[in-house]
Amino acid sequence: MTPSIITKQPDGRTPPCLRTHAEACREFRWEAVRAEMSPLPGGRKGLNIAHQAVDRHAEQTPDGEAFRFVRADGSVASMTWGDLRSETNRFANALACLGVEAEDRVFSLLGRRAELYVTALGTLKHLAMFCPLFSAFGPEPLLERLNRGRAKVLVTSEKLFRRKIEPIRDRLKSIETILLVDGDGGSDPSILDYRSALEAGSNQYEIPDTDPEDMALLHFTSGTTGQPKAAVHVHEAVLNLDVSARYALDLHPADVFWCTADPGWVTGVSYGIIAPLVVGCTVVVDEGELDADRWYGILQDQRVTVWYTAPTAIRWLMRLGIEASRPYDLSHLRYMASVGEPLNPEAVRWGVEAFGKPFHDTWWQTETGAIMISNYRTTTVKPGSMGLTMPGIEASVVHRVASDDLEFVKEPDVEGELALRAGWPSMFRAYLDNDAAYARCFRKGWYLTGDLVRRDAQGYFWFVGRADDLIKSAGHRIGPFEVESILLEHEAVAEAAAFGKPDPISGQVVKAAISLSPGHMPTQALERDIMAHARKRLGAAVAPREIEFLDDLPKTRSGKILRRLLQEREREIYAATFPDTEEAP
């Protein structure tokens with residue numbers, strides 16, 4: 001059954017950035033986007049993300065508002081473009097004093113606080129690589145990422161350091177300096193006070209000549225087998241981020257923009273920091289937790305005009321009902337978009353009922369670096385569809401044939417793998433220290449996404465499913481191998497299979513099927529003990545929410561565990577439990 005369509009017309013107050021999709025695709029040239037970028041001071045050639053996102057705006061409107069931080073207690077603090085330039089300059093100088101050089105890795109382990117944003121942008125100014133860590137990770141996932149990324153500097157808080165870094169400190173291989181945003185290490189010379197380090201340096205800094213191919217960002221992503229991979233992005237990615245912010249999110253310099261994604265993930269960096277700043281709008285940052293009244297209050301009180309959030313949050317608000325939004329004046333909210341996982345049709349239609357406008361779904365990956373497919377302000381929204389390709393992006397539906405060839409699907413509504421023509425500016429340049437895995441992502445000049453889709457007669461893409469077993473829970477990408485490895489450390493666990501169980505709020509939650517070692521019985525006490533072990537090692541966001549004991553796990557003839565069979569069974573249970581749902585997530 002084809003979902004109903006929603007034709008979204010311009011609101012008449014703010015002209016759309018993308019007027020006609022077909023015309024924009026025909027006329028688009030990356031060379032023209034490059035020409036619009038601001039040169040480095042003195043007319044020097046180069047393309048630096050932080051210059052485009054901070055310094056050029058600070059030069060023109062130093063007193064303009066770059067960030068607006070809504071603190072946990074509800075108070076609000078602003079940071080001007082001039083302040084942001086000074087703070088990021090000081091951080092870049094602090095890195096220089098610490099001996100940080102180009103391509104050295106600076107990691108952050110912080111919540112949504114001002115120091116994280118300064119760290120990210122100051123690192124990019126200095127030509128070091130910025131890598132965010134999700135603050136809800138447990139010690140073991142942090143250890144894996146810090147060592148694999150060869151972290152040289154870590155910026156974190158006293159609380160997170162004591163709880164998550166100190167227990168693994170003796171196993172960290174490369175960290176030379178830890179900057180604490182709210183304390184110091186006392187007699188430990190390698191732990192410094194963040195504020196003191198910044199104030200010791202100048203607020204003037206000249207960004208070095210920056211080649212567009214200089215490495216800038218390191219984002220971790222987990223596959224279904226093997227260890228987490230680290231995707232490398234370069235400064236040229238700013239071109240895609242600029243275009244997608246204007247076309248997919250319809251951002252204008254006068255907008256007040258709120259991206260709810262945690263900055264520990266790629267969306268929180270790409271669209272919570274870089275893209276909106278490049279456009280020049282004011283970015284709202286909420287330091288609190290998800291709460292309906294708080295969120296509606298922020299949309300109202302901060303007069304948010306463009307809102308970028310996740311299907312998990314949308315579904316959570318849906319459960320509370322439209323009445324929860326009625327006391328709030330949301331009339332200035334003109335555009336809403338979604339990211340992180342496929343947005344179900346009901347959520348799109350609910351947006352119209354609750355806000356008078358639909359949520360516009362967007363599709364991209366850590367590896368693509370920016371939005372590749374989107375629903376747009378001036379195009380028809382088909383609820384449940386990923387949308388149309390971004391100008392400058394070529395996408396196809398393919399079948400892998402033989403060992404190195406592709407068959408391109410020409411007919412509409414035929415399922416296949418989504419492939420993107422390689423070469424767009426924000427395309428990842430490598431998996432750190434894993435050339436073989438990087439090479440496997442490409443075939444015949446096309447990047448193979450691993451996502452199964454179909455394309456209809458009008459060119460709209462529709463998500464079918466993941467070609468592998470990646471678990472997407474509340475916008476987080478979780479690799480089963482990492483979960484299973486920790487479960488197998490428990491003495492009672494003989495075998496483990498982690499997979500995604502459909503969930504009406506989070507899309508999926510992590511479930512694990514476990515077979516026990518001889519001498520252990522499947523008791524509630526043992527289940528609690530295994531769960532506690534997993535939460536301690538992995539953190540609440542990654543650890544299984546549910547455990548099922550099985551005598552034997554389903555396997556292929558070669559002995560590989562069939563996670564898909566376990567997941568399909570859960571889908572059948574979900575469909576029977578929620579018969580009115582169009583499809584299990």
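- Across all their heavy atoms, Thr368 and Ser426 have their closest contact at O-OG, 2.6 Å.
- Panel note: side chain Ser174, backbone Ala151; a donor-acceptor pair is recorded below 3.5 Å.
- The CG atom of Leu142 lies 8.5 Å from the CG atom of Leu154; values are rounded to the nearest 0.5 Å.
- Considering only heavy atoms from C-beta on, Leu388 comes within 4.5 Å of Tyr460 through its side chain.
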task = Output, in order, the C-alpha distance, side-chain angles, deciding distance and verdict of ring pair (Phe, Tyr, Trp, His ring centres under 6.0 Å) for Tyr447 and Trp364.
result = CA-CA 12 Å; Tyr447 165 65; Trp364 58 294; over 10 Å; no

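- For the pair His219 (side chain) and Trp265 (backbone), a donor-acceptor distance under 3.5 Å is absent.
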request  = Check the pair Glu144, Arg171 against salt bridge (charged side-chain N to carboxylate O under 4.0 Å, His left out), reporting the backbone distance first and the verdict last.
outcome  = CA-CA 10 Å; Glu144 172 68 26; Arg171 291 188 284 162; over 6 Å; no

query = Checking side chain to side chain contact (heavy atoms under 4.5 Å, CB included) for the pair Ile274/Ile49: CA distance, chi angles, key distance, verdict?
reply = CA-CA 8 Å; Ile274 298 171; Ile49 290 175; 3.6 Å; yes

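- Looking at Trp350, its side chain never comes within 3.5 Å of a backbone N or O of Pro345 through a donor-acceptor pair.
- Taking the six-membered ring for Trp and thresholds of 30 and 60 degrees, Phe220 and Phe107 have ring planes inclined between 30 and 60 degrees apart.
- Legend: ring pair (Phe, Tyr, Trp, His ring centres under 6.0 Å) pairs involving residues 231-251, not counting sequence neighbours: none detected.
- Of all the heavy atoms in Ile514 and Ala496, the pair that sits closest is CG1-CB, 4.3 Å.
- In terms of modelled atom types and a separation under 3.5 Å, the side chain of Ser385 and the main chain of Trp462 share no donor-acceptor contact.
- A distance below 6.0 Å separates the ring centres of Tyr438 and Phe428.
- Counting non-hydrogen atoms of other residues, nucleotides and ligands closer than 6.0 Å to CZ of Arg535 gives a total of 12 or fewer.
- You'll find the side chain of Pro544 reaches within 4.5 Å of the side chain of Leu487, heavy atoms only.
- Using a 4.0 Å cut-off between charged nitrogen and carboxylate oxygen, Asp262 and Arg112 count as a salt-bridge pair.
- Each of Phe359, Tyr271, Tyr335 was evaluated against Trp307; a single residue qualifies, Phe359, per the ring-ring contact (aromatic ring centres under 6.0 Å, His included) test.
- His21 and Tyr376 have their aromatic ring centers within a separation under 6.0 angstrom.
- Of all heavy-atom pairs between Leu121 and Ala50, the closest is O-CB, 3.5 Å.
- Between atom CG of residue Asn434 and atom NZ of residue Lys229 there is a gap of 7.0 Å, rounded to the nearest 0.5 Å.
- A 4.5 Å side-chain heavy-atom check between Leu217 and Leu124 finds at least one atom pair inside the cut-off.
- For the residue pair Thr309/Thr260, the side-chain donor-acceptor check at 3.5 Å is satisfied.
- The main-chain N or O of Thr119 is found under 3.5 Å from a side-chain atom of Thr123 such that the two form a donor-acceptor pair.
- A donor-acceptor distance shorter than 3.5 angstrom exists from the side chain of Gln508 to the backbone of Lys472, with no hydrogens or angles considered.
- For Asp413, the side chain to side chain contact (heavy atoms under 4.5 Å, CB included) criterion is met by Arg454, Asp456, not counting sequence neighbours.
- We find the OG1-CZ distance between Thr378 and Arg19 to be 9.0 Å, quoted to the nearest 0.5 Å.
- The pair Lys164-Glu140 does not meet the salt-bridge criterion, since no charged nitrogen lies less than 4.0 angstrom from a carboxylate oxygen.
- How far CG of Asp404 is from NZ of Lys444: 5.0 Å, rounded to the nearest 0.5 Å.
- Using modelled atom types, one side-chain atom of Arg315 and one backbone atom of Pro504 make a donor-acceptor pair closer than 3.5 Å.
- Side-chain atoms of Asp250 come within 3.5 Å of backbone atoms of Cys17 as a donor-acceptor pair (strictly under, hydrogens ignored).
- No donor-acceptor pair closer than 3.5 Å links the side chain of Asp361 to the backbone N or O of Met386.
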task = Start with the C-alpha gap between Glu568 and Arg563, add the side-chain angles, then the distance that decides, and say whether salt bridge (charged side-chain N to carboxylate O under 4.0 Å, His left out) holds.
result = CA-CA 9 Å; Glu568 288 176 355; Arg563 301 187 189 95; over 6 Å; no

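- A pairwise comparison of heavy atoms in Pro358 and Val381 identifies CG-CG2, 4.3 Å as the closest pair.
- Between Asp242 and Arg246 a salt bridge is recorded (basic side-chain N to carboxylate O distance below 4.0 Å).
- Checking side-chain atoms of Asn240 against main-chain N and O of Ala237 turns up no donor-acceptor pair under 3.5 Å.
- Scored by the side chain to side chain contact (heavy atoms under 4.5 Å, CB included) test, Ala395 finds Thr389, Leu418, Leu420, Phe461 as partners (sequence neighbours excluded).
- Here the closest heavy-atom approach between residue Ala128 and residue Val106 is recorded as CB-CG2, 4.2 Å.
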inquiry  = Run the salt bridge (charged side-chain N to carboxylate O under 4.0 Å, His left out) test on Asp433 and Arg150 for me, step by step, so that the C-alpha distance in whole Å, both residues' side-chain angles and the decisive distance to 0.1 Å come before the verdict.
reply    = CA-CA 11 Å; Asp433 300 327; Arg150 298 192 291 278; 2.4 Å; yes

request  = Using the side-chain hydrogen bond (donor to acceptor under 3.5 Å, both in side chains) rule, take Gln567 and Lys511 through it: C-alpha gap first, then chi angles, then the decisive distance, then the call.
outcome  = CA-CA 9 Å; Gln567 189 168 26; Lys511 180 175 179 178; over 6 Å; no

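- Of the N and O atoms on the side chains of Thr267 and Tyr308, not one donor lies less than 3.5 Å from an acceptor on the other residue.
- The distance from atom OG of Ser515 to atom CG of Leu550, rounded to the nearest 0.5 Å, is 8.0 Å.
- Using a 3.5 Å distance cut-off with no hydrogens or angles, the side chains of Ser38 and His51 do pair a donor with an acceptor.
- In summary, Arg443 and Glu417 do not engage in a salt bridge, as defined by a charged side-chain N under 4.0 Å from a carboxylate O.
- With values rounded to the nearest 0.5 angstrom, Thr210 atom OG1 is found 4.0 Å from Asn48 atom CG.
- The shortest heavy-atom contact between Leu47 and Glu236 is CD2-CA, 3.8 Å.
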